[in-house]
Amino acid sequence: MARQSILISEGQLVHDYRFYHRDGRIVWLLDQLQLIRDAGDRPYEVVGTCLDISERKRTELIRQAQQSALDLIVTNQSLPVILSDIAKHLEAINPDMLVSILLLDKQTKRLKLGAAPSLPDDYNAAVNGQEIGEGVGSCGTAAFRGETVIVSDIDHHPHWQHFLDLTRKADLHACWSLPFKDEHNDVLGIFAIYHHIACEPSPKDLELIREFASFTALAVQKVRATEALRLSATVFASIREGVVITDLEPRIVAVNRAYMRITGYSEEQVLGKNPKIIKSGLHDKTFYQAMWATLKATGHWSGEVWNRRKNGEIYPQWLTINAVCIDSSCCDESNSCNYVGVFTDISQIKQSEAQLAQLAHYDPLTGLPNRLLAQSQLHQAIERAQRHGRLVGVLYIDLDRFKNVNDSLGHPVGDELLIKLAERMKKRVREEDTLARLGGDEFLLVLEDVRDLGDPAFVAQSLINLLTSPFVLPSGHEIFINASIGISLFPEDASNATELIQHSDMAMYQAKKEGRNTYRYHTEALSVAANERLIMENRLRYALSAEELILHYQPLVDARTGYVVGVEALVRWQPPGKAMVPPGKFIPIAEETGLIVPLGEWVLRTACKQARAWIDAGLSPLVMAVNLSVRQFQSENLVGMVQRILEETQLPADYLELELTESMFMEHVEQSIETLNKLKTLGVHLAIDDFGTGYSSLIYLKRFPIDKLKIDQRFVRDLADDHNDREIAATIIAMARGLKLGVLAEGIESEEQLAFLRQQDCDYYQGYLFHRPVPAIELEAWLREHSVPNR
Ligand SMILES: Nc1nc2c(ncn2[C@@H]2O[C@H](COP(=O)(O)O[C@H]3[C@@H](O)[C@H](n4cnc5c(=O)[nH]c(N)nc54)O[C@@H]3COP(=O)(O)O)[C@@H](O)[C@H]2O)c(=O)[nH]1
């Protein structure tokens, strides 16, 4: 009706419409109607023409579909939106076609749904992610083969047998799959047409589908290229490395954010400029010439460059330049048209490197060279001296009793002292000499250009003199400190740095031995002694495992009754076929090397076993006195070890006496009291050996759970003649009495000594006068004879 009224009012009507031809084709017709009027202007007749415009219409609709897809690409729409639009346009041209566009994931070889607006969701979900392969539906097979696969009757086609449940549910009975490809002929995806009836495509259908598949390929590639570009742009903008792109001139054509951050220049300030605007001036012409020569020859250069920021600061960067071809139309003969420079600011790394070098070679406390650097400086000094026939002096400087400063005033004060001392010594030494801190309170001075053997002694004495005035520390403490110095000389004492330092160290120990606050030169004799010690250490290690150690026992006698009340276990070393080594020779070495710990454990175990054996043999029980060394006393598991051995050997704790020396507890008083209390809790007795030679502090003695004092034999030796020794011995006995401690005098060799001690009312005696230390077997008869009679 509407059309009729247009025809009447306008006099003509032009319209197009489509219909199904009997053969199943869709045909588009252009219908043109002309209204003819009679003389009275009344509608008289209608003349019409009918034109088949199917071909033209198809071309027009395809063009519309392409234009629509293009618009969506230009406006950055997502790929599913664009693909869906393409599918809908084709479905609009032929409503019997149900379009499905699938994209191929090259890595996984699976098809991913791009768009299929007219297929049921559950069908699309089942297809999405399907692996491609021969016989995997029409699409899987087409993608796998890279060629069109037409299945006109799904229900009876072998490719579809595994999917019939799905296709029947979706009422799909034909599927024509066309792969669409990129310019390398690689499959990008599948353009598929489904039908609700089994049917074959006509050549026209295939032409139409190919047309759509081909601009789908273009759309996919275009969108992917845009995405890749966007990704590159994001990377370019966001990476931490500075990036600068130049043309071959070279003029800067692009820089990224990091470039601007590192250099301080904005994009506008550098675009079009030569990249050398940031050069520092630190590199000469030849540096840049070499860089360009390499770049031109190989297309690549990388290295460290110092550049200048906009604020004038010079900084190091690691720069890599590559010649690249971005646009082949403007490439040179080497096929490049741009340079891409990528650089990292390495100022931080450089700083860390410098810090590391400082830490590796300098002492952080004093700023002096450390042992490593001192050794290398000494090595170089030796080489120079060798060339010029000169001497090198090495002074090993060790502070006297520095430990006391740390222990009494604390480590921070000790540190202050070391800093001040280093400053004072540094002022004294010449520019060409090296003063180093080896660690702790040990310093080394390397003297170059020594002309006379006596020169180092002069320097050593002047350093000692430097210490005569006190150090006033920032903490307010005023400290006097001395040093002992050992001297070795190149080439007199050794020919290399390590030995020179070792020899000066030995000489320093000699200086300590000989009264401290002095210097000593290294001598041959010192080297021999050191060598002997080394040999002894190795032999002692072996001796312990080879059971070359034995115990001798020396009786302890009750002064009032004259009976033996105990024995002291004294270790000996009996190397096979050689003279026995006295403990005075090897105990200090064992102590230094730590061997004393296993050695001491062996002594304790052997002595306790012997004490138990004597009890078992029917002797009156005797106290077994065993010496403990400093290291043993400080070892964390001393108490546990004593307890274990008592249990192992079945010796009642009451029959064990541990002999300690005063010096052992003076360092860590509270900790020592704790250890002593734990030992007392076990039930063992505690005696202080060599009493009178150490601190002999009454205050400490009162706090320590001690049972007995042993007067050192040095005071006993000259009792007959030395008035002082008599005074000391008498005082110690009185002191012990006052503190309610037992007291024993050791080293009694004569009746005169004994008489004096008896007169002073000493409790116990020990010495050759009664018995020498001997092996257990030799002592047994004597013990039976002198034991308290069994009641
Ligand atoms: N940590 C350990 N130290 C031990 C052990 N065994 C011994 N020692 C210590 O070695 C030092 C020397 O000991 P030694 O040569 O055995 O001398 C002892 C006695 O033999 C000696 N003595 C005894 N009576 C006399 C005497 O009348 N005259 C004389 N000239 N010497 C005598 O005195 C030493 C006694 O030692 P001590 O009672 O311990 O002071 C020495 O310091 C031992 O402690 C061990 O197993 N572990």
Side-chain angles (χ1 to χ4, degrees), residues 353-399 402 415-469 471-474 481-505 507-508 511 518-522:
E353 269 174 15
Q355 271 168 1
L356 272 180
Q358 173 78 16
L359 282 176
H361 294 108
Y362 290 88
D363 165 45
L365 183 69
T366 59
L368 293 177
N370 64 10
R371 181 183 287 272
L372 202 69
L373 185 55
Q375 254 171 336
S376 116
Q377 307 270 50
L378 176 54
H379 180 73
Q380 289 166 23
I382 291 170
E383 281 184 349
R384 279 192 289 273
Q386 249 163 352
R387 278 200 297 278
H388 301 112
R390 294 202 181 126
L391 303 174
V392 178
V394 177
L395 275 64
Y396 203 110
I397 306 151
D398 186 284
L399 300 184
F402 175 72
D415 285 352
E416 286 181 6
L417 176 60
L418 290 172
I419 293 167
K420 287 276 169 202
L421 178 92
E423 283 169 3
R424 203 183 274 185
M425 287 201 290
K426 190 104 187 79
K427 281 189 194 141
R428 164 66 188 76
V429 302
R430 297 174 306 172
E431 188 82 346
E432 62 267 37
D433 299 334
T434 302
L435 177 67
R437 181 175 172 224
L438 301 181
D441 59 346
E442 293 174 350
F443 294 83
L444 193 84
L445 178 60
V446 177
L447 302 176
E448 284 208 50
D449 253 349
V450 175
R451 277 147 215 281
D452 186 276
L453 291 180
D455 288 356
F458 176 75
V459 177
Q461 189 54 55
S462 69
L463 287 178
I464 289 169
N465 295 345
L466 264 188
L467 306 185
T468 48
S469 52
F471 287 91
V472 182
L473 306 182
I481 194 100
N482 298 323
S484 301
I485 302 176
I487 303 169
S488 66
L489 280 160
F490 169 83
E492 263 52 25
D493 297 313
S495 57
N496 64 60
T498 310
E499 278 184 19
L500 276 173
I501 296 175
Q502 267 171 8
H503 289 173
S504 61
D505 186 13
M508 182 274 292
T518 184
Y519 64 85
R520 286 289 176 272
Y521 274 89
H522 172 261

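Note that the numbering runs from 1 along the sequence shown for the chain. These numbers come from the heavy atoms of this one structure, side chains and all, not from hydrogens, waters or symmetry mates.
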Any side-chain donor near an acceptor of the partner, Tyr519 and Gln461, under 3.5 Å:
no
Would you confirm whether Tyr521, through its side chain, and Leu489, through its main-chain N or O, come within 3.5 Å as a donor-acceptor pair?
no
Check step by step if side-chain contact (heavy atoms from CB on, under 4.5 Å) holds for Phe458 and Asp452.
CA-CA 10 Å; Phe458 176 75; Asp452 186 276; over 6 Å; no
I want to check something: taking the side chain as every heavy atom from C-beta on, are Leu500 and Ile382 in contact at a cut-off of under 4.5 Å?
yes
Hey, are the side chains of Met425 and Ile397 touching, using non-hydrogen atoms and a 4.5 Å cut-off?
yes
Side-chain contact test, heavy atoms from C-beta onward, threshold under 4.5 Å: evaluate it for Tyr362 versus Leu373 and give yes or no.
yes
Do His503 and Tyr396 touch side chain to side chain, with heavy atoms closer than 4.5 Å?
no
So does Gly486 get a backbone contact from the side chain of Asp505, meaning a donor-acceptor N/O pair under 3.5 Å?
no
Pairs under 3.5 angstrom only: tabulate donor-acceptor contacts from the side chains of residues 444-451 to other protein residues two or more places apart or in another chain.
| residue | atom | partner | partner atom | Å |
| --- | --- | --- | --- | --- |
| Glu448 | OE1 | Arg384 | NE | 3.1 |
| Glu448 | OE2 | Arg384 | NH2 | 2.7 |
| Asp449 | OD1 | Arg390 | NE | 3.2 |
| Asp449 | OD1 | Arg390 | NH1 | 2.6 |

Which pair of heavy atoms, one from Ile487 and one from Ala507, lies closest together, and at what distance?
N-CB, 3.7 Å
Can you check whether Leu418 reaches Phe402 side chain to side chain, under 4.5 Å on heavy atoms?
yes
Can you sort out the partners of Leu467 under side-chain contact (heavy atoms from CB on, under 4.5 Å), two or more places apart, ordered by chain and number?
Leu421, Phe471, Ala483
Heavy atoms only: give me the nearest Val472-Lys420 pair and the separation to one decimal.
O-CE, 4.0 Å
Report yes if some heavy atom in the side chain of Ile464 is under 4.5 Å from a heavy atom in the side chain of Asn482; otherwise report no.
no
Side chain proximity check, Glu383 to His379, heavy atoms < 4.5 angstrom
yes
Please round to the nearest 0.5 Å and tell me the distance separating atom CG of Leu466 and atom CG of Leu463.
5.5 Å
Would a 4.5 Å heavy-atom cut-off, applied to side chains only, mark Pro491 and Leu391 as touching?
yes
Donor-acceptor contact present, side-chain Thr434 to main-chain Ala374, <3.5 Å
no
Please list all pairs meeting salt bridge (Lys or Arg N to Asp or Glu O under 4.0 Å) that have one or both residues in residues 492-501, counting only residues at least two apart or in different chains.
none
